[in-house]
Amino acid sequence: MTPESDDHAPEPPAANPYARTRVDGGFTVVAAAGELDLATAGFLAEHLDAATATARPDVLVDLRGVEFFDCSGLRVLCRADSRAREQGGRLRVVTDDPRLHRLLRATGLWARFTPLPAIPRAL
């Protein structure tokens with residue numbers, strides 16, 4: 001396998017106050033934290049871009065550490081989800097926060113990002 005191969009996972013970006021990436025079983029987990037808005041959504045996007053750059057990515061976006069999330073964060077999620085699908089993979093969100101549930105419902109994104117309450121165990 002060459003470094004240019006689609007199956008070769010690139011090194012994740014360095015952790016920052018708003019996002020960090022880890023591999024957990026068969027998933028790439030991008031854990032978001034803090035306030036994700038126009039000023040900070042790019043930090044999450046950097047991690048999601050890397051996580052969706054491989055063939056057949058299986059990405060979990062852990063939003064349980066997020067205190068505030070606006071349309072800038074939704075835009076980043078939608079773009080990453082589209083990239084994952086284009087690569088034959090998927091992107092799912094993890095949150096049990098009623099505020100994020102309301103946001104997803106209000107924006108019509110519930111069906112696209114039906115949240116998982118916790119990170120599933122890899123099979």
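This is a predicted model, so every value here is computed, not measured. Residues: numbered from 1 along the sequence shown.
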With a 4.5 Å cut-off on side-chain heavy atoms, are [Y] and [X] touching?
X	Y	answer
Thr21	Thr28	yes
Val94	Val61	no
Thr54	Pro57	yes
Cys78	Arg112	yes
Leu63	Asp97	no
Arg64	Ile119	yes
Pro115	Leu100	no
Leu60	Val30	no

According to a hydrophobic-cluster definition based on side-chain heavy atoms being under 4.5 Å apart (Ile, Leu, Val, Met, Phe, Trp, Tyr only), do [X] and [Y] belong together?
X	Y	answer
Leu104	Val59	yes
Leu103	Leu36	yes
Leu116	Leu109	no

Ring pair (Phe, Tyr, Trp, His ring centres under 6.0 Å) pairs, two or more places apart, involving residues 78-104: His101-Trp110

Residue pairs passing the ring pair (Phe, Tyr, Trp, His ring centres under 6.0 Å) test where at least one lies in residues 36-83, sequence neighbours excluded: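 Sorted result for residues 36-83: Tyr18-Phe43.
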
Pro13 versus Ala50, closest heavy-atom pair with distance: CD-CB, 3.6 Å

Nearest heavy-atom neighbours spanning Arg20 and Asn16: NH2-O, 4.3 Å

Residues that, via side-chain heavy atoms closer than 4.5 angstrom, fall in one hydrophobic cluster with Leu38: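 Traced through the cluster, Leu38 reaches no other member.
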
Working for side chain to side chain contact (heavy atoms under 4.5 Å, CB included), residues Arg90 and Asp58: CA-CA 5 Å; Arg90 63 183 173 172; Asp58 195 355; 3.0 Å; yes

Intermediate values then yes/no, side chain to side chain contact (heavy atoms under 4.5 Å, CB included), Leu48 and Val76: CA-CA 8 Å; Leu48 291 175; Val76 167; 3.6 Å; yes

Distance in Å, Glu86 CD paired with Asp81 CG, rounded so as to fall on 0.5 Å steps: 10.0 Å

Spacing of Arg121 atom CZ and Asp24 atom CG [to the nearest 0.5 Å]: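 If I round to the nearest 0.5 Å, the distance is 10.5 Å.
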
Test side chain to side chain contact (heavy atoms under 4.5 Å, CB included) applied to Asp49 and Arg83, step by step: CA-CA 8 Å; Asp49 286 350; Arg83 286 184 51 149; 3.6 Å; yes

Worked verdict on Thr95 versus Val66 for side chain to side chain contact (heavy atoms under 4.5 Å, CB included): CA-CA 9 Å; Thr95 183; Val66 171; over 6 Å; no

